[in-house]
**Student:** 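Can you read through this structure? Questions will come right after.
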Amino acid sequence: MDKFVIKQWKNSENHKSERCEIKWQMEKDLVNSGDEGAESPRKKLKSDTGGGAATEPLPLLAEQEAVRGAEYSWRRIRAEGLDCDYTKLFTKSEADEIFVQLEKELEYFSGDLTKVLVFGKWHDIPRKQVTYGDLGLTYTYSGVTLAPKPWLPVLEKIRDRVTQVTGHMFNFVLINRYKDGSDHIGEHRDDEKELEPRSPIASVSFGACRDFIFRHGDSRGKCATHRLEPVKLLLGHGSLLLMKYPTNVHWYHSLPARRKVLAPRVNLTFRKVLPPPKN
DNA sequence: AACGTCGCACTTCT
DNA sequence: CAGAAGTGCGACGT
């Protein structure tokens with residue numbers, strides 16, 4: 001399966017580095033991404049000694065324990081107004097297979113749907129994007145309205161696993177593909193008005209392991225009113241990050257550039273989108 | 001607010 | 001240890 005993944009990747013159009021380097025990185029990413037947990041292994045990342053800190057070692061949450069027994073171990077990520085749970089959703093071999101299938105079957109948006117409107121200016125987004133979900137829903141984001149394509153079996157499989165493990169149902173998924181470490185997404189909150197209020201968002205990742213950073217809204221800028229440390233996670237191959245209310249009220253999140261990452265990552269954020277208002 | 005890019009200061013790597 | 005590379009984050013835009 002690894003060979004298949006690597007072959008698949010070598011046929012991809014987006015890279016400038018040596019093939020052997022890419023192959024090596026891909027192997028490394030896939031090997032490393034299986035069990036890294038939510039906390040960065042890098043020493044510079046603060047452990048929970050300090051102020052707004054974040055992570056405790058793996059207690060199981062009662063309701064999920066009832067559903068899945070000890071099969072999934074969860075890491076709670078907590079800070080003031082931040083409430084997330086992280087677990088490995090798929091085994092490495094399951095995740096490898098799904099990743100190959102996603103790379104083969106997903107059809108990303110092109111043309112106008114690859115741009116966002118900010119301050120009256122159109123920008124190409126530094127990633128690829130597509131939405132799938134129940135037909136009739138729409139999702140509007142920075143000047144672009146995205147209509148979902150119909151569910152694919154592989155997406156239903158992921159969605160159903162998320163439901164099984166979290167007890168939450170989702171009718172929509174926004175998919176972002178980061179071709180390498182230069183692709184990224186800036187700080188934002190998922191506060192679109194067509195999201196069901198207080199519903200959690202389930203973020204499932206495949207491929208390269210990437211840093212993921214939360215910053216408290218009031219800690220940003222020159223006149224910050226709070227001084228909360230950013231909360232930094234690593235999102236690994238086959239992982240699930242469940243972002244629960246009220247995380248998205250006060251915390252911004254981003255996937256920063258990581259120039260040394262050479263392999264692609266595909267991220268799926270499952271959401272509960274309200275049906276369009278009747279007119 | 002938006003959410004991207006840019007520039008600069010700082011840190012980490014080699 | 002010094003220069004290069006990588007990162008964090010505020011400023012800016014319409």
Side-chain angles (χ1 to χ4, degrees), chain A residues 14-18 21-22 24-25 28-29 32 36 39-47 50-54 79 81-82 108-131 138-146 174-195 197 201 203 208-235 243 246-263 265 267 269 271 273:
Chain A
N14 300 314
H15 55 277
K16 51 236 159 174
S17 316
E18 299 287 329
E21 258 185 293
I22 291 168
W24 177 85
Q25 180 74 29
K28 190 177 156 218
D29 282 328
N32 288 345
E36 76 299 320
E39 219 167 33
S40 173
R42 296 177 204 173
K43 45 282 158 190
K44 69 163 294 193
L45 293 185
K46 290 214 157 70
S47 59
L82 185 150
Y108 292 90
F109 290 138
S110 57
D112 289 345
L113 297 179
T114 65
K115 297 166 190 298
V116 292
L117 182 62
V118 186
F119 278 98
K121 195 176 166 197
W122 289 94
H123 294 266
D124 284 312
I125 56 174
R127 61 191 171 275
K128 286 206 262 182
Q129 204 165 67
V130 66
T131 58
T138 64
Y139 191 70
T140 299
Y141 153 87
S142 297
V144 196
T145 296
L146 307 173
L174 170 66
I175 303 176
N176 281 289
R177 181 181 190 273
Y178 304 89
K179 70 179 186 303
D180 59 28
S182 64
D183 273 1
H184 61 278
I185 190 166
E187 286 186 341
H188 67 285
R189 293 179 297 159
D190 293 314
D191 58 352
E192 287 73 16
K193 59 180 181 310
E194 58 264 73
L195 288 177
I201 292 176
S203 169
C209 188
R210 292 285 295 266
D211 287 340
F212 183 83
I213 299 184
F214 286 104
R215 273 173 88 206
H216 194 282
D218 297 342
S219 297
R220 305 172 345 132
K222 195 175 198 174
C223 318
T225 55
H226 285 80
R227 288 294 145 99
L228 292 176
E229 284 292 306
V231 173
K232 308 181 183 192
L233 314 179
L234 275 174
L235 302 184
M243 289 181 271
T247 304
N248 266 123
V249 178
H250 282 122
W251 292 78
Y252 288 69
H253 56 270
S254 65
L255 190 87
R258 288 291 178 263
R259 316 267 169 215
K260 285 178 288 199
V261 173
L262 302 176
R265 166 174 182 266
N267 177 69
T269 48
R271 296 143 190 270
V273 172

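Naming convention: chains lettered A, B, ... in sequence-line order (proteins, then strands); numbering from 1 in each chain.
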**Student:** Checking contacts here: which listed nucleotide (dG8(C), dA11(C), dC9(C)) is nearest the side-chain heavy atoms of P256(A)?
**Tutor:** dG8(C)
**Student:** Excluding sequence neighbours, so at least two apart, what forms side chain to side chain donor-acceptor pair (under 3.5 Å) with D124(A)?
**Tutor:** K115(A)
**Student:** Tell me every residue that passes side chain to side chain donor-acceptor pair (under 3.5 Å) with Q129(A), counting only those two or more places apart in sequence or in another chain.
**Tutor:** N176(A)
**Student:** Tell me, which pairs form a salt bridge (charged side-chain N to carboxylate O under 4.0 Å, His left out) where one or both residues lie in residues 181-191 of chain A, sequence neighbours left out?
**Tutor:** K179(A)-D183(A), E187(A)-R215(A), E187(A)-R220(A), R189(A)-D191(A), D190(A)-R271(A)
**Student:** Please determine, for the side chain of V118(A), which listed nucleotide (dC9(C), dC13(B), dG13(C)) has the closest atom?
**Tutor:** dG13(C)
**Student:** When the distance from CZ of R210(A) to C1' of dT7(C) is rounded to whole Å, what number comes out?
**Tutor:** 13 Å
**Student:** Is there a donor-acceptor contact under 3.5 Å linking the side chains of Y141(A) and E192(A)?
**Tutor:** no
**Student:** Within this structure, what is the CZ-to-C1' distance between R258(A) and dT11(B), rounded to whole angstrom?
**Tutor:** 12 Å
**Student:** Output the single nucleotide from dT7(C), dA1(B), dG4(B) whose closest atom is nearest the side chain of R127(A).
**Tutor:** dG4(B)
**Student:** Given dC9(C), dG4(B), dG6(C), identify the nucleotide with an atom nearest to the side chain of R215(A).
**Tutor:** dC9(C)
**Student:** Mind checking what makes side chain to side chain donor-acceptor pair (under 3.5 Å) contact with T145(A), not counting sequence neighbours?
**Tutor:** T140(A)
**Student:** K121(A) near the nucleic acid: base, sugar-phosphate alone, or nothing, with a heavy-atom cut-off under 4.0 Å?
**Tutor:** nothing
**Student:** As a test of reading the structure: which of dA11(C), dA2(B), dC13(B) is closest to the side chain of K260(A), going by heavy atoms?
**Tutor:** dC13(B)
**Student:** Which nucleotide wins on minimum distance to the side chain of I185(A), given the candidates dG4(B), dG8(C), dA2(B)?
**Tutor:** dG4(B)
**Student:** Nearest to the side chain of Y252(A), heavy atoms from C-beta on, is which of dA2(B), dG8(C), dT7(C)?
**Tutor:** dA2(B)
**Student:** At a cut-off of 3.5 Å, list every protein nitrogen or oxygen paired with a nitrogen or oxygen from nucleotides 5-10 of chain B, distance to 0.1 Å.
**Tutor:**
{"from": "dT5(B)", "atom 1": "OP2", "to": "H184(A)", "atom 2": "NE2", "distance (Å)": "3.4"}

**Student:** Checking K121(A) now: which residues fulfil salt bridge (charged side-chain N to carboxylate O under 4.0 Å, His left out) with it, not counting sequence neighbours?
**Tutor:** none
